[in-house]
Every structure is written in structure tokens, then in C-alpha cells.
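Data first, discussion second: the structure below is written as C-alpha cells.
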2 protein chains.
Amino acid sequence: MTNSGEYVRGFTNYIILSILGNFDSYGYEMTKIIDSVSKQNIQLTEAALYTALKRMLAEEKIASYSGKNKKGMNRRYYRITPKGKRELKSFRKDWVMIENTLSSLVGGDFKYIREN
Amino acid sequence: MTNSGEYVRGFTNYIILSILGNFDSYGYEMTKIIDSVSKQNIQLTEAALYTALKRMLAEEKIASYSGKNKKGMNRRYYRITPKGKRELKSFRKDWVMIENTLSSLVGGDFKYIREN
DNA sequence: TCATGTATAATATAAGCAGGTTATGCATAA
DNA sequence: TTATGCATAACCTGCTTATATTATACATGA
């Protein structure tokens, strides 16, 4: 699929918040999750993800703490903050509308009464 | 809704192609269509629209011709080209997947088997 | 009647910014 | 050398904000 990354723009934050709404996670795992869920039709590169995480940390929508894997390698875990939870909740309410609207528009099945 | 313009990014081209897939139209009318269909939950400003139209003209996804109007400036009509039609058709096939994937991700209802 | 203001219709572009892409680098472990 | 894991710089695209111009209709007041 061409340009698949462009579709995610505007949704990146909410994808991250959604994952962290389910369980604490770390960058590398989140890319794997998105890869596995999206099966190539949506793309969120590591560069995009890590900059998003940094951004959201600064905005205090997420917090982070360090952990290790079994082999002893470092991981940086992220968890959602109350602020992040509020934002996610609010977005999910809007999402239904956004989805329907986008569907109507790109599907071409909208009604519009033309003048003159 | 905050930042509603950001959601459209990546879909702008296909929204325009979809409208022109239904009937020839002009910039001002297209903004009215999008406003009326989206009812404030998606936004495509005139500036964004006109730059998109220019871009798509250059890429030959759409073509244009001038029309007259009783009131106000002359209208510039746009129609979809064969190239644009192909792109729209191809996108609509992908859209189902994109929609499902986005829904799973932002809805948090995805399955992922975590390793240790 | 003329001038002025304002609302609507319609198109267009410049400057700036946000965030994604491409590319690259580094460390550890199997 | 492949997988795990994090991170950043430079670049590019496209949206936002702001502004300008053309054109008609209509109201209002001098």
C-alpha cells in the first residue's frame, strides 16, 4: 500500500494511548503490535513512534520507567497517565463520528442538495 | 472537536476524488459538501482544499474548466480524470482494511501475544 | 441618487509549523 | 549476523493561519 504512513497521522497519539490503555508497553513492542494488527496496511515507523513517545511524555499524556527483559537488556516502559486516559476517552467518543464521516466522504455515499 | 483537520490528512485527496466521482464540482461547493456531510467533526479548510486541487491538477488526477456564475466570481470546475478514477478505485479497495485496522488500534480491541 | 457598508459567493497564495520519512547510529545477546 | 531495543538529525509534505482580490446584491443614510 502506498503512503500508508500518511493515514496514521493524526491518529498516532491515540494508537499509542490505546495500547497503553491495555497494558504498559515499550517502543519496540508497540511497533510489533502495530505491525501485527495492521498487517502492512498501516505503518508506524520506529522513528515516528519514538518521537511521538517523546512528545507525549513532554505533554504528560504518558509516563515512563525503565525495565529489563529476561536477558537483561534494557527497556523503557511507558504507561498512560490520568491526562492520557481522559484524552483517550474523549477521542473514542469522537471516533465513531470521524469514522462514519470519513467513510461517507471517501465512499462517495453522501447526500448533498446542490443549488442552481 | 480539537485538531479535526489532522484526521483528514492523508484522506484529502480521496475525499476530493470521491466528490468528483459523483459529479463535477468547484472549490467553494466542495467545502460546503464536506461541511454539511461532516457536521463539524471533520474539517477541510479552503486553503487546504485549494492547495490540494492545485497539487492534484499537476498530478493529473483531476482536470479543470471554467464556468460562469450569476453572483460572485467565476467558478472553476473540476472533473476526475481516468488516472484519478483508477486511484480512487484502488483506494476504496484498501479503505476497508484501513478502517478496520484503525478501529482495532484506536479502539484497543486487538489481540497480541506478548513474549515474556 | 449616490456613496458607503456589509453579506455572500468564489478563488488564491504566502508563511509557518507539526509530524512523518529516510537514514543512520549504537548497544546487547544469541 | 540476526534480533532486540532505543534514539536522533535532516528533509519533505501538507495543513493552519492570515490575508487579498473579484464580483454581485442589498440596505441605509445623506
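Letters go in sequence order (proteins before strands), and every chain restarts at 1.
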message = So, using salt bridge (Lys or Arg N to Asp or Glu O under 4.0 Å) as the criterion, who are the partners of B:Glu59 when residues are at least two apart?
response = B:Lys61
query = Is there a side-chain polar atom (N or O) of B:Tyr50 under 4.0 Å from OP1 or OP2 of C:dA12?
reply = no
query = Checking B:Arg114 against A:Phe23: charged group under 6.0 Å from the ring centre and within 45 degrees of the axis?
reply = yes
message = I'd like to know whether the aromatic ring centres of A:Tyr7 and B:Trp95 sit less than 6.0 Å apart in this structure.
response = no
ask   = For B:Lys54 and C:dA12, is the shortest distance between a side-chain N/O and OP1 or OP2 below 4.0 Å?
value = no
inquiry  = Within the 4.5 Å heavy-atom criterion, are B:Asn13 and B:Met56 side-chain neighbours or not?
reply    = yes
ask   = Going by distance alone, is a donor N or O of one side chain under 3.5 Å from an acceptor N or O of the other, for B:Arg92 and B:Ser18?
value = yes
query = Tell me: CG of B:Leu44 to C1' of D:dT16, nearest whole Å?
reply = 12 Å
message = With clusters defined by side-chain heavy atoms of hydrophobic residues (ILVMFWY) lying less than 4.5 Å apart, directly or transitively, does B:Tyr65 cluster with B:Leu49?
response = yes
Sort me out a list of protein N/O and nucleotides 17-20 of chain D N/O pairs below 3.5 Å, or just none if empty.
none

ask   = In this structure, are over 12 heavy atoms from other groups packed under 6.0 Å from A:Lys83 atom NZ?
value = yes
query = Does A:Arg9 place a side-chain N or O at less than 4.0 Å from the phosphate oxygens OP1/OP2 of D:dC12?
reply = no
Just the atom pairs and distances: protein N or O near nucleotides 5-9 of chain C's N or O, under 3.5 Å.
{"residue": "C:dA9", "atom": "OP2", "partner": "B:Tyr28", "partner atom": "OH", "Å": "3.0"}
{"residue": "C:dA9", "atom": "O3'", "partner": "B:Asn69", "partner atom": "ND2", "Å": "3.4"}

ask   = Between atom CG in A:Asp35 and atom P in D:dA3, what is the gap in whole Å?
value = 13 Å
message = Please tell me if A:Arg55 has a side-chain N or O lying less than 4.0 Å from either OP1 or OP2 of C:dG20.
response = yes
task = May I have the distance from B:Leu53 (atom CG) to C:dA10 (atom P), rounded to whole angstrom?
result = 15 Å
request  = Find the distance A:Leu57:CG to D:dT8:C1' and express it as a whole number of Å.
outcome  = 15 Å
task = Examine C:dG20: is either OP1 or OP2 under 4.0 Å from a nitrogen or oxygen in the side chain of A:Thr51? Give yes or no.
result = no
ask   = With respect to the phosphate group of C:dG20, does any side-chain polar atom (N or O) of A:Thr12 fall under 4.0 Å of OP1 or OP2?
value = yes
